Every structure is written in structure tokens, then in C-alpha cells.
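I have placed the structure first, in the form of C-alpha cells, so that the comments after it can refer back to it.
Atoms considered below: every heavy atom in the structure, side chains included; atoms not considered: hydrogens, waters and symmetry mates. To find a chain, count down the sequence lines: A is the first, B the second, and so on, and within it residues start at 1. It should be emphasised that the depicted structure is a prediction, and the values quoted were computed from it without experimental measurement.
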Amino acid sequence: MEDFQAKIIILFILLMHSSQVCFSQDSIRSLTDSSSVMIFLAEQEEVPGLAYRLVFTSPDQIKNFGADSIIDLTNNEFAISRRFDRLKDVFAWKNNFTPQDSIDSEIQFTLYEQPVNWQKTRDFLNDALAKGEISISSQVIENGSDLISMAHHVPFQSSKKNGFGFFSDLKIFMITAIIVLFVVITISMMLFMIIFKSNKNKKERLRLEYDEKIVGPLSEILFDRSREEIKSLSSEDLHSYFPAELLIKPLFKEVLIERVLSLNKTMKGDFKQKLKALFKRLEFDKLSKESLSSLKWDRVVAGLVQINEMDLTEAETEVKKLVNSSNFQIRSQAVATLLNISKSVDLSFLRDQTFPLSRWQQMNYLRIIRYLQSQKDLHLESLFESENQSIRLFGYKLVRILGRVDLVQLMVDKFDKVSETEKIEMLYTFEVIGVPVDSKLITDSLRSDNEKLIRRSALAAGQIGDESTEVALWEILPNTTSFQLRKTILKSLKSLNPTKYNSFIKVNSLTDLQEINSHLLDPLLQDV
Amino acid sequence: MVLSALEMRDQRRKNRFADYQDIITSPIAPGVSILAPAFNEGATIVQNVKSLLSLHYGKFEVIVINDGSKDDTLAKLCDGFEMELTSYAYDYEIACNKIRGIYKSRNRSFNRLIVIDKENGGKADALNAGINVASMELMACIDVDCILSSGSITRMVRPFMEETNRKVIAVGGVIGIANNCDVQDGTVTKYRIPDSLLGRFQVIEYCRAFLMGRMAWTRINGLMLISGAFGFFRRELVVEVGGYFPKTVGEDMELVVRMRRYMEEQGQPYKVSFVPDPLCWTEVPEDEAVLSRQRNRWMRGTIETLQLHRVIKMNLKYGLMGMISYPYWSIFEKMAPVLEVMGLIYTIVLISIGDFSAFYFVALFVVLYLLSILVSSFSLLYEQIAFNNYKDKKDLNKLILTILIEPFYIHPKVVYWGLRGHWDFIKGKGGWGQMIRTGFKKSEDKKNLESTVNS
Amino acid sequence: MKKILIIEDDLLISSLVQFRLKKDGYETILVKDGNAGILAIDQEDPDLIITDVMIPFKNGIEIIHHARKTKPNVPIIVLSSLGEEEDIVLEAFNLGVADFVPKPFNPNELAIRIKRILK
């Protein structure tokens with residue numbers, strides 16, 4: 001669908017147009033202005049009926065030349081030369097006669113012996129050209145001096161005729177250059193592609209091969225050796241598992257590190273400790289720390305991930321420096337790592353972040369927090385005090401996911417003061433945790449005019465509601481127009497007070513009520 | 001090229017550190033409703049739905065919409081998955097054709113599956129019917145015969161999860177060509193390029209479109225089209241803008257444009273994202289007649305969408321979309337075939353009046369040819385670096401050959417089909433071109449279309 | 001000698017489990033995907049099946065279904081990274097699996113559970 005050829009075509013048209021301007025120089029001209037008439041005539045031989053003579057406006061100047069035979073000095077006002085049939089001759093003569101430019105003269109046309117102005121001449125010429133009465137001679141004036149003398153009579157105009165040759169050469173040169181460039185790029189790209197491909201295939205094969213070489217020894221080490229033994233493994237022993245010549249290969253190291261990290265994620269208990277001991281014994285921890293100072297962000301993050309997974313607590317100071325990195329990836333990984341390896345850190349640093357917290361980050365933090373919460377007090381409740389709404393919301397979410405019943409009361413206390421978005425999140429948490437809260441919270445929310453909030457509180461009412469919330473639900477039901485919301489309300493009512501719900505359904509024959517009722521009763525639709 | 005290269009590099013690096021396993025289980029991850037409209041798919045429906053159900057993700061549901069199939073699609077589904085008619089209380093929140101029934105399985109292991117049986121109304125209408133039932137935060141609109149890789153949901157969900165201050169409204173994905181590949185239980189196990197030239201040409205074309213075009217647009221956040229075969233949307237927002245517009249043949253593009261327009265008008269910062277990983281494969285038509293109808297339809301869809309949202313054109317209020325994306329689409333996508341033909345006629349006229357230098361003609365032609373090869377091979381290079389799906393050297397050589405002959409042999413046809421699309425649009429032909437692959441047919445709203453487009 | 005079928009797409013994990021079970025004197029069959037899993041259930045006649053719920057080609061639930069149907073007496077252990085509260089895991093319990101081991105896990109612990117089940 002996205003058709004890039006179009007772009008090329010447009011480029012094409014543009015190029016065509018610009019070259020067109022140049023081509024038009026060759027086309028048949030129709031004479032329009034005095035200079036074009038002059039240029040045209042200068043190239044011609046005789047034109048039947050047309051003749052030329054020179055008119056000297058100050059006759060005194062030429063008296064000295066004594067060329068009376070040619071110049072008619074009868075008039076005192078101006079002198080007129082004899083007639084010439086070819087314009088070239090006029091120039092030649094004049095050049096010969098008056099080599100200096102100091103003499104004022106101009107060319108006069110005569111048509112059938114009558115003097116005429118240039119417009120008349122032009123019309124005559126155009127007419128003759130159109131009828132084909134004169135043949136065009138396009139010989140190039142080679143005599144430079146002729147041109148110069150002509151220029152004296154013609155208003156200045158840049159000579160395109162000569163320039164064209166130069167420009168066209170340059171164009172040909174440029175186009176050839178572009179073509180060559182393209183050919184070179186294309187060929188080199190294809191070559192690169194083929195080489196790259198074979199390299200990549202080779203790398204993939206090697207990875208698989210290394211993978212197989214790692215599995216066996218790794219299992220042996222993990223099951224047959226204790227943690228202490230791994231720590232003090234001699235180089236000889238180590239190399240009997242992983243040959244020394246493989247261990248120096250960067251790709252092998254990469255695969256091995258990847259494998260150790262992924263196993264660390266799926267294993268539990270002493271296996272984790274053993275993997276960490278092995279990681280250090282292989283001296284991969286040094287590599288991790290080195291990569292922290294790399295300029296490429298992906299290497300830095302890789303190092304951080306390793307430090308995080310392998311609990312390399314000694315790198316704490318280096319990691320701390322990266323917490324305020326300008327790179328999003330580095331920043332969030334550094335925070336996650338620090339949270340894990342530092343003994344003193346709690347969640348208060350998260351509270352002070354100003355940027356909205358993405359779910360991606362939430363997911364990563366959740367994993368770490370879940371793991372850490374049994375070991376140290378993270379002060380989860382500090383998140384509630386954040387200036388940043390996304391962080392507060394994350395706090396409520398954490399209470400729900402981690403099941404922190406102890407923090408519910410704190411949330412209840414804040415409930416009245418928070419925004420509706422936060423109320424929704426809080427209500428959801430109350431509902432999931434299932435601790436009955438002050439029913440006023442729910443009834444107030446039910447009576448708000450935010451539909452999302454009403455819906456959430458109606459759901460919560462079904463789980464943790466009491467008589468007063470039931471009353472509120474009955475109250476809002478008749479005024480509710482949204483079908484989905486009616487469904488939610490009825491569902492909650494059904495679970496709160498089945499008897500009253502049933503009698504209500506019996507006396508109401510509204511079709512949508514009946515539809516919803518049968519929906520709610522359908523065993524296949526329990527969770528829809 | 002530079003833009004797409006940058007975006008691609010970032011994406012590749014990000015992938016290295018993403019723990020996609022984590023998304024599957026994390027309670028923070030959003031739920032996904034997969035909407036798959038089906039029309040006369042009886043032969044393959046059970047297999048296709050099975051592979052959808054075995055996607056690796058924690059919170060998702062699969063909604064199959066039987067769009068009034070004339071074959072045994074529904075019966076096959078009921079048999080295959082022990083489906084039973086329920087008394088689901090259907091809410092026509094977004095208008096769509098009449099729902100005949102909603103089915104669920106007695107068997108708890110197919111708990112994720114919901115089947116909607118409705119009267120035929122075309123793809124957009126079927127999707128609208130599905131949106132009304134979808135209960136998750138996100139929805140994925142796919143063609144039911146697409147092959148999705150098992151990790152595709154996690155990958156596609158990621159941009160939504162990375163959202164910070166700009167709302168991510170939709171995410172598009174790359175579509176690969178599955179012709180001639182080995183497929184086993186809904187996973188491509190061996191990649192091979194298609195046998196026919198037309199098929200191979202489409203491989204190149206898809207690489208170009210997805211890897212170059214859309215990557216570059218994503219970089220500047222100007223993406224206007226998410227393929228109807230594989231796209232993720234925020235359900236809430238789709239409902240707010242009123243769902244799919246059933247009267248256009250380009251409903252996929254139209255929806256994205258409308259969502260963008262809505263966000264611009266609301267003044268909310270937003271983003272349309274794109275995931276360049278190979279996650280979805282589909283069979284493309286290798287038959288010329290079918291392909292020509294498909295192209296014809298795409299062209300009409302583009303014209304219709306652009307016409308419908310004319311307000312956006314060069315309108316500063318719509319920011320980048322109005323100033324760059326829209327004009328780009330009008331000139332390079334919509335008008336491309338017209339301009340190309342005009343350029344050709346222009347050239348022929350110049351030659352015939354003899355006012356043309358042969359040298360320039362040849363030179364320009366060679367430049368254009370090389371440029372097209374350059375772009376094509378660049379996108380193929382991308383494919384090789386990024387995915388490396390076509391591992392066989394012979395395949396690669398064939399693709400290179402295709403690149404070389406494409407401008408002479410296939411491109412003129414594509415231009416011709418595009419022109420036919422223009423012509424059909426002018427004639428006011430609406431609805432889906434009858435496409436054998438999906439079989440969606442619809443031509444009765446000719447009049448409706450005309451009235452909406454011309455109003 | 002008891003035969004144990006392991007259906008798991010991560011080679012490293014399955015090899016590790018295999019290594020551990022060999023020490024206890026079990027015969028093990030490693031399978032990487034759902035199709036091969038179903039095939040192995042039919043042909044190899046295992047005494048116990050260890051499976052993930054998310055594996056290539058097939059839904060883990062389908063495998064459990066298949067095993068229940070064809071070999072109702074063979075105990076099944078689900079090894080999964082999904083939490084116990086996930087639908088799909090509850091589903092597995094409904095189908096009557098013998099045990100559920102969430103990842104991360106300890107292979108030694110898994111071996112003990114297997115021993116207990118096979119007694």
C-alpha cells in the first residue's frame with residue numbers, strides 16, 4: 001500500500017521539468033524583442049527587402065575620417081552610412097572604420113528602402129519566417145570581435161547559448177556520478193547483506209552448540225557440588241567442566257551468562273546461591289561491573305541486570321550513580337537494582353519521582369517489591385503521600401496485589417480527599433481485599449455522577465456492601481440508563497439480597513431487566 | 001531510511017532486556033480481548049481458533065464473530081469446542097447488525113472463548129459486534145486466518161505498558177507472508193519464500209511497507225494505518241469514537257485516523273505505536289485477479305478515508321497529522337498511480353514531438369530504477385538483520401532477483417490496479433472487493449457511501 | 001524402572017530435571033512442544049507426566065485433557081510460571097492434576113514430590 005515509487009515519480013517529473021527548460025533553447029524562436037531580432041539577424045545572410053545602415057548622431061566626430069563616399073553628410077543633424085544587405089557587414093565595416101567606441105551610432109533598418117523601426121522589422125521577419133520566405137541560417141558567429149562590436153549595439157543580455165554547453169556537461173557529469181554512486185551503494189549493500197547473513201547464521205549455530213555444551217556441566221555442578229565447593233573450585237576443576245579455550249570466547253561467555261541468569265529466575269533455594277557462587281567463581285562479576293561504565297546504554301543495562309540478579313552488593317555505589325541517568329532504560333533498571341541490593345533503601349525514593357510511572361516500570365518494581373517485602377520494611381504507605389498521582393495509584397494497586405490488609409484503614413482515612421480516579425482504584429482494592437469498609441464510602445460514590453466511579457462502587461457493593469449500600473443501589477437503579485451499569489447493579493443486588501432481587505424481577509416485565517436476569521442466571525456466563 | 005533505522009535499533013535493544021515472561025503473569029498487565037471475525041471459514045476455523053486459544057498470555061479472551069456465514073462455520077465451532085447458546089444480555093452499545101446468539105463452552109478448558117453469531121454485515125460490522133462483548137481493557141483485531149506467534153500478545157501489549165505521559169491509543173504489528181511456509185498448529189516452523197513471482201514481490205513490498213515505512217512514521221508519531229489483520233486498540237477509546245465505520249472499505253485506516261482526530265480535538269497527547277517483531281503471518285493472494293481486487297479495495301479505502309477526514313488536511317490544529325501525514329497520504333498513496341501515469345504520458349508526449357534528449361531519458365530512468373532497487377534492498381537488508389527468517393541463501397538470491405525485475409514487471413500492474421481503484425471510487429462502488437481469502441462481501445451500501453463521502 | 005515424561009520448552013530446565021531424576025533411577029523422556037507431548041503420551045506409556053501450561057503449539061490444558069482421557073491413571077504434575085490464582089491453573093486443578101509446582105522451583109523438592117506420588 002505504501003508505494004514509494006510514487007515519490008520517485010514525483011522526483012522524476014521535477015527533474016524532467018528542469019531539463020525541459022534547457023531543451024527549449026533549441027526550439028524555433030519567434031522573435032519578440034529588439035535584442036532577439038538583432039541576434040537573429042546577425043546570424044543571417046541577406047534577407048530580401050531588408051537592408052541596414054548606420055546613423056551617426058554627431059556627424060562632427062566622423063568628418064575627420066574623410067569617408068565621404070560611404071557616408072552621406074548632407075544633413076547636419078546626423079550622418080547616414082550607405083546601405084548594407086547583411087547585418088554582419090555593417091558591424092564589420094563599422095569596426096573597421098571606427099575602431100574606438102567613442103563614436104555614437106545606431107543601426108537603422110530599411111525595408112524596401114524606407115527606414116523603419118525595429119518593431120516593424122520584427123513583424124516583417126516573423127511574417128517571412130512563418131511563410132517560409134527566408135531560410136534560417138544558424139551558423140555560429142566565430143569571430144569574437146564581431147560579437148564584441150555587436151554587443152555594443154545590443155542591450156546587455158547574458159548569453160545562454162554559450163552557457164548551455166557548460167551546464168549540460170556538468171549535468172551529464174552529475175547524473176553519471178549519481179548513477180555510479182547508486183550502483184556502488186547497491187552492490188556493497190547486497191554484499192554486506194550476504195556476508196552479514198552468513199555471519200549471523202554461523203553465530204546462531206554456535207549459540208546452539210554452546211547451549212548444548214553448557215547444559216550438562218551446569219547440571220553436574222549444581223547437583224554434585226556444594227556451594228562452598230563451587231566457591232573454591234580450582235581452575236583445573238573448572239576447566240574440566242568448561243574448557244579453557246571456550247571460556248575465553250566472548251560469545252560463549254555471553255551464552256553462559258544468559259543461561260545462569262535465566263536459571264536463577266526459575267530456581268529456588270540453594271540453587272540460587274550456587275548459581276551466584278558459580279557466577280563469581282567464573283569472574284563474570286568483574287565483567288558486569290566493567291560494563292557499567294560503557295558508553296552504550298544496552299551494555300550498561302545488561303550489567304545492571306546481572307548485578308541485580310546475582311546480588312552483587314559490592315557494586316552499590318556504582319549503581320547509585322546511575323539512578324539519575326538521562327536514559328530511561330538505565331534509570332529504571334538502576335532503580336530496580338538498587339532496591340534489590342541496597343540494605344538501607346525503601347520506597348521513599350519512588351515517592352519523590354516526578355515523571356508518570358509507566359506500567360512497565362510498575363511491573364518491574366512489583367516483582368522486586370514482592371520479593372523483598374518479606375525481608376525488609378519498604379514503607380509502602382509512603383507512596384500514598386507522593387505528589388505524583390501515578391505513584392499514589394501504584395501504591396493502592398500494591399496494597400491490592402500484595403494483600404496488605406493492614407494498610408486499608410490508611411486508605412479509608414484518605415478516601416474523601418482524593419480525586420475520583422484514585423477513589424476508583426481504592427474501591428477496587430477494598431473489593432478485592434474483601435474487608436468491609438465504612439459503607440458511607442460506597443454509598444457516596446454510588447451517588448456521584450462519574451459513571452466509572454459508580455460502576456466500580458456498584459461492583460464493590462456486591463462484595464463488601466451492607467444494608468445501606470443495598471438501599472443506595474435500589475435508589476439509583478431506576479435512573480440508570482447505561483445497560484452495562486444496570487447489569488452491574490443488578491448483579492450486586494442479587495448477591496446482596498437474593499429474596500428482594502427475585503421478587504423485584506418477578507413484578508418487573510421490562511425486557512432488558514428480564515434479559516439481564518437470564519444472563520445472570522446462566523451458569524455458562526458466571527464470569528462474563 | 002534513517003528514521004526507520006533509528007527506531008529499529010532502539011526496538012532491538014529494548015527487546016534484549018524485556019522479560020516478556022513477566023508480562024504473562026504480572027497482575028499489572030492489561031487484559032486483551034481478541035476479536036476475530038469469520039465469514040465462511042468452516043474449513044479451517046477450528047484449527048485457527050485452537051491456535052488463538054493457545055497464545056501465551058495470562059489475561060485474555062478470544063471472541064469469534066460469525067458474520068452470517070453461509071457454510072458450517074458455526075456448527076464446526078459448536079462441535080469443536082462444545083459450545084452452547086447462552087442467554088447473554090447483549091447491549092448494542094455500538095450499532096451493528098442483529099445478533100442471533102452468543103455461545104460459550106461447557107468445557108472449562110475453552111473458557112476463554114466466546115462465539116457471537118450475527119447477521120452478515122461485513123468485517124467492520126462484525127468487529128463492532130465483538131467490541132460490544134469485549135470485556136478487557138485492550139482489544140486486538142485480527143483476521144481469523146492469521147497465524148500469531150505464541151508470544152505475540154506480550155510483545156504488542158508492551159507499548160501500552162510503557163505509556164507515561166502520552167496515551168498509547170493503538171499499536172500495529174508487522175505482517176509476514178506465510179505462503180509456502182511450513183505451519184504446524186498455528187506456528188510457522190520453517191520459512192520459505194513463495195513460489196510465484198507475485199508472491200515474492202509481496203514479500204519485498206511488505207518488508208518495505210512495514211520495516212521502512214511504518215517504522216519511520218512511528219519514529220515521528222505520524223502513523224496513520226494499522227493493518228486490519230493485526231492491530232491492538234484501547235477498547236474504551238474505540239467505543240468513545242463509535243467503533244468501526246462499516247460503510248467504508250478501508251475501515252482499518254479509517255478507525256486509526258478517526259481515533260487520532262478525536263485525540264487531537266480533545267487536546268490529549270497520544271501516540272500510535274508499532275512493534276516491528278515478526279508476530280503475525282498471513283497468506284497473501286498469489287492469484288493476479290484476487291490481488292488486483294485487493295489493491296483496488298485498498299486504494300478505495302484510502303481515498304474514502306482521506307475524503308471523510310478532509311478537515312485534517314493542512315490544518316494546523318491537527319498538528320503533525322494534518323501537516324505531514326495527511327498530505328503525504330494524499331500525494332504519495334492516493335495520487336501515486338495518477339501521478340505516475342501522468343508523468344509517463346508527459347514523457348511520451350515529449351518524445352513524440354521530438355523535443356526530448358534521449359540521454360536524459362535514459363539517465364533519469366536509470367537513476368529511478370537504481371533508487372527503487374536501493375530502497376527495496378535496504379528493506380530486505382533490514383529483514384535479514386532484524387528477523388533473519390529466510391535463512392536459505394537460494395531464497396535470498398531469488399528475492400534479490402525479484403527486486404531487480406519488480407520495477408519493470410509488477411510495478412506497472414500495481415499502478416494499473418490503483419487506477420482502477422480510483423475509477424471504481426469515482427463510479428461509487430462501495431464495499432469490499434470480493435476477496436476469496438476472507439470472503440467478505442458487501443456492495444449494498446453504494447448509496448450510503450456516496451452520501452457520506454460527498455456530504 | 002519408572003518412566004517420566006517431561007514436556008517443557010526450556011531445554012535447560014528440562015535437562016536439569018532430567019539430570020536430577022536420573023539420579024533417583026528414573027527413565028526420562030524430554031519433549032519440547034505440545035505435539036510431541038501428545039505423541040509421547042500415546043506411544044511411550046509414561047508412568048508420570050510433568051508439563052508446563054504454556055508450551056509451543058498446544059495449550060497445556062489440552063495436553064492434560066488428552067492425558068486424562070487416554071491414560072486416566074497416570075499422575076500429572078504441572079510445572080508453571082503462572083501463579084496459582086490464574087484461571088488456567090485453576091482449570092488444571094479441576095482436571096485433577098496430582099500436583100502443582102510453581103516456578104521458581106527447587107529440583108530437589110520436585111524429585112521428592114515425584115517420589116511420593118509414585119509410591
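Between B:Thr86 atom OG1 and A:Leu521 atom CG the span is 12.5 Å, to the nearest 0.5 Å.
Residues B:Arg106 and A:Leu524 share a closest heavy-atom pair of CA-CD2, 3.9 Å. A:His519 approaches B:Ala89 most closely through the heavy-atom pair ND1-N, 2.8 Å.
The closest side-chain heavy-atom distance from A:Arg370 to B:Pro27 is below 4.5 Å. In this structure, the side chains of B:Glu93 and A:Phe483 stay at 4.5 Å or more apart for every pair of heavy atoms.
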Exercise for the section: List the steps and the verdict of side chain to side chain contact (heavy atoms under 4.5 Å, CB included) for B:Ile28 and A:Ile401. Expected result: CA-CA 9 Å; B:Ile28 305 268; A:Ile401 294 164; 4.0 Å; yes
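For A:Ile516, the parts lying near chain B are the backbone and the side chain together; criterion is any non-hydrogen pair under 4.5 Å. In this structure, chain A has a heavy atom under 4.5 Å from the backbone of B:Tyr90, while its side chain stays farther away. Of the atoms belonging to A:Ser482, not a single heavy atom falls under 4.5 Å from chain B. Looking at B:Glu236, the atoms closer than 4.5 Å to chain A (heavy atoms on both sides) all sit in the side chain, from C-beta outward. Heavy atoms of A:Gln484 lying under 4.5 Å from chain B belong to its backbone as well as its side chain.
No donor-acceptor pair under 3.5 Å is formed between the side chain of B:Ser87 and the backbone N or O of A:Asp522.
Look at B:Glu137 and A:Arg359 and you find a salt bridge, because one of the NZ, NE, NH1 or NH2 atoms lies within 4.0 Å of a carboxylate O, short of that distance.
By the 6.0 Å and 45° rule, A:Lys487 stacks over the aromatic ring of B:Tyr88.
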